[in-house]
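Index from 1, following the sequence. Only heavy atoms go into these numbers, but all of them, side chains included; no hydrogens, no water, no symmetry mates. All figures in this text were calculated on a predicted structure; none of them were measured in a lab.
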Amino acid sequence: MDEVLKFLTDDPSVFYIATIDGDMPKVRPFGFAMIHEGKLCFCTSNQKKVYKQLKANPNFEISKTAKDGEWLRLNGKAVFNTTKQSKQAALEAMPMLGKMYSVDDSIFEIFYIENAEATFCNMKGASRTIKL
């Protein structure tokens, strides 16, 4: 899990999360990930389409490419676990989130990935898959 988090957050670029909207895939950039209570967590607003899509169909996939050309594909199911403690941990992990959210607001949502599988690939065709 630490290796996946490091890959997602090592440089300041975003990673991309894909969800399903009806029968169509939808992809958008994300920039936050943390480990909280032993789970790989992400955050969003419950006012966004991504939240509604994950609630309707919790399956999602993340992709990120590193500067060296290696990439990560991470998939699993979203489980929402929004508590004051999880919100506080997110705000501490990325203080910039405080410009959008607070511990006491009603739109800030935290979710973790369940039944996760991470595949690391490179341009030479090598790949390695781990279960989280």
Side-chain angles (χ1 to χ4, degrees):
M1 190 175 310
D2 290 329
E3 181 182 10
V4 171
L5 179 66
K6 183 174 177 4
F7 197 96
L8 291 174
T9 60
D10 223 14
D11 66 60
S13 67
V14 299
F15 51 92
Y16 293 88
I17 181 170
T19 59
I20 300 296
D21 187 11
D23 63 350
M24 295 297 297
K26 298 293 181 180
V27 179
R28 83 273 294 148
F30 260 53
F32 174 78
M34 72 173 177
I35 295 174
H36 178 67
E37 296 180 346
K39 295 176 174 42
L40 184 58
C41 298
F42 308 91
C43 71
T44 192
S45 163
N46 60 26
Q47 304 301 298
K48 293 183 178 181
K49 289 181 181 179
V50 66
Y51 174 81
K52 292 168 182 64
Q53 291 160 5
L54 289 170
K55 291 299 274 188
N57 181 344
N59 295 300
F60 72 99
E61 186 164 270
I62 288 174
S63 181
K64 175 153 185 191
T65 303
K67 290 178 183 177
D68 66 1
E70 185 178 22
W71 72 91
L72 168 68
R73 182 175 290 133
L74 172 67
N75 62 64
K77 290 189 175 198
V79 177
F80 283 87
N81 185 30
T82 304
T83 63
K84 284 192 175 201
Q85 294 80 12
S86 64
K87 289 179 180 183
Q88 185 62 45
L91 293 169
E92 289 171 6
M94 182 180 272
M96 181 177 81
L97 289 172
K99 294 179 182 177
M100 298 181 292
Y101 304 117
S102 75
V103 170
D104 295 317
D105 74 28
S106 62
I107 64 169
F108 189 21
E109 300 285 348
I110 306 294
F111 65 98
Y112 65 86
I113 189 167
E114 182 177 69
N115 300 324
E117 184 176 270
T119 302
F120 294 89
C121 305
N122 67 30
M123 299 301 271
K124 295 178 182 177
S127 68
R128 171 176 60 92
T129 300
I130 58 174
K131 302 249 187 218
L132 302 184

**Q** Indicate if Phe15 and Met96 have the same hydrophobic cluster label, given that clusters are the connected sets of ILVMFWY residues with side-chain heavy-atom separations under 4.5 angstrom.
**A**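 No, no single cluster joins them.
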**Q** Checking Asp2 now: which residues fulfil side-chain contact (heavy atoms from CB on, under 4.5 Å) with it, not counting sequence neighbours?
**A**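 Only Ile35 meet the side-chain contact (heavy atoms from CB on, under 4.5 Å) criterion with Asp2.
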**Q** State, to 0.1 Å, how close His36 and Ala89 come at their nearest heavy-atom pair, and which atoms those are.
**A**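 The pair with the smallest heavy-atom distance is ND1-CB, 3.5 Å.
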**Q** Hey, does Lys39 have a side-chain heavy atom less than 4.5 Å from the side chain of Glu37?
**A**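 The answer is no; the side chains never approach within 4.5 Å.
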**Q** Could you see if Ile17 belongs to whatever hydrophobic cluster contains Met34? Use Ile, Leu, Val, Met, Phe, Trp, Tyr and a side-chain cutoff under 4.5 Å.
**A**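 Unlinked, Ile17 and Met34 end up in two clusters.
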**Q** With sequence neighbours excluded, tell me which residues meet ring-ring contact (aromatic ring centres under 6.0 Å, His included) with Tyr112.
**A**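 Not a single residue meets the ring-ring contact (aromatic ring centres under 6.0 Å, His included) criterion with Tyr112.
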**Q** Run the side-chain contact (heavy atoms from CB on, under 4.5 Å) test against Pro29 and tell me which residues pass, sequence neighbours left out.
**A**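 For Pro29, the residues satisfying side-chain contact (heavy atoms from CB on, under 4.5 Å) (neighbours in sequence not counted) are Val14, Tyr16.
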**Q** Mind checking whether Ile113 and Leu74 have side chains closer than 4.5 Å, heavy atoms only?
**A**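 The answer is yes, as the side chains (C-beta and beyond) meet within the 4.5 Å cut-off.
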**Q** Name every donor-acceptor pair, under 3.5 Å, that has one atom in a side chain of residues 116-132 and the other anywhere in the protein, sequence neighbours excluded.
**A**
unit_1 : atom_1 : unit_2 : atom_2 : d
Glu117 : OE1    : Lys131 : NZ     : 2.8
Thr119 : OG1    : Thr129 : OG1    : 2.9
Asn122 : OD1    : Lys124 : N      : 2.9
Asn122 : OD1    : Gly125 : N      : 3.2
Asn122 : OD1    : Ala126 : N      : 3.1
Arg128 : NH1    : Glu3   : OE1    : 3.3
Arg128 : NH1    : Glu3   : OE2    : 3.4
Arg128 : NH2    : Glu3   : OE2    : 2.6

**Q** Considering non-hydrogen atoms only, spot the tightest contact between Ala33 and Thr9 and give its length.
**A**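 Closest pair (atom of Ala33, atom of Thr9, distance): O-CG2, 4.0 Å.
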**Q** Only distances under 3.5 Å count here; give the side-chain donor-acceptor pairs of residues 42-53 to other protein atoms, sequence neighbours excluded, each with its distance to 0.1 Å.
**A**
unit_1 : atom_1 : unit_2 : atom_2 : d
Ser45  : OG     : Gln47  : N      : 3.0
Asn46  : ND2    : Ser106 : O      : 2.8
Asn46  : ND2    : Glu109 : OE2    : 2.9
Lys52  : NZ     : Asn46  : O      : 3.3
Gln53  : OE1    : Thr19  : OG1    : 2.4
Gln53  : OE1    : Arg28  : NH2    : 2.7

**Q** Taking side-chain contact (heavy atoms from CB on, under 4.5 Å) as the definition, give me every residue that meets it alongside Val103, ordered by chain and number, with sequence neighbours left out.
**A**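 So Val103 forms a side-chain contact (heavy atoms from CB on, under 4.5 Å) with Lys84, Lys87, Gln88, Leu91.
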**Q** Of all the heavy-atom pairs spanning Ile20 and Gly22, show the shortest one and how long it is.
**A**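 Closest approach of Ile20 to Gly22, heavy atoms only: CG2-O, 3.1 Å.
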**Q** Closest heavy-atom contact between Leu40 and Met1?
**A**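 Taking Leu40 first and Met1 second, the nearest heavy atoms are N-SD, 3.5 Å.
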**Q** Indicate yes or no: at least one non-hydrogen side-chain atom of Phe111 is less than 4.5 angstrom from one of Asn81.
**A**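 Sidechains of Asn81 and Phe111: no contact.
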**Q** Can you name the nearest heavy-atom pair linking Ala66 to Phe7, along with the distance?
**A**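 Here Ala66 and Phe7 meet closest at CB-CZ, 3.7 Å.
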**Q** So if you build clusters from Ile, Leu, Val, Met, Phe, Trp, Tyr with side-chain heavy-atom gaps below 4.5 Å, do Leu8 and Met94 land together?
**A**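 As far as the 4.5 Å side-chain criterion goes, Met94 and Leu8 are not connected within one cluster.
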**Q** Hydrophobic clusters here meaning ILVMFWY residues chained together by side-chain heavy-atom distances under 4.5 Å, can you tell me if Phe108 and Phe32 are in one?
**A**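 Yes, Phe108 connects to Phe32 through the hydrophobic network.
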**Q** How close do Ala90 and Leu97 get, counting heavy atoms only, and between which atoms?
**A**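 Minimum heavy-atom contact is O-CD1, 3.7 Å.
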**Q** Side-chain contact test, heavy atoms from C-beta onward, threshold under 4.5 Å: evaluate it for Val4 versus Leu72 and give yes or no.
**A**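 Yes, at least one pair of side-chain atoms sits under 4.5 Å.
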**Q** Between Phe60 and Leu54, is any pair of side-chain heavy atoms under 4.5 Å apart?
**A**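 Heavy-atom side-chain distance check passes, below 4.5 Å.
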**Q** Does the side chain of Ile107 reach to within under 4.5 Å of the side chain of Tyr101, using non-hydrogen atoms?
**A**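 Yes, side chains in contact.
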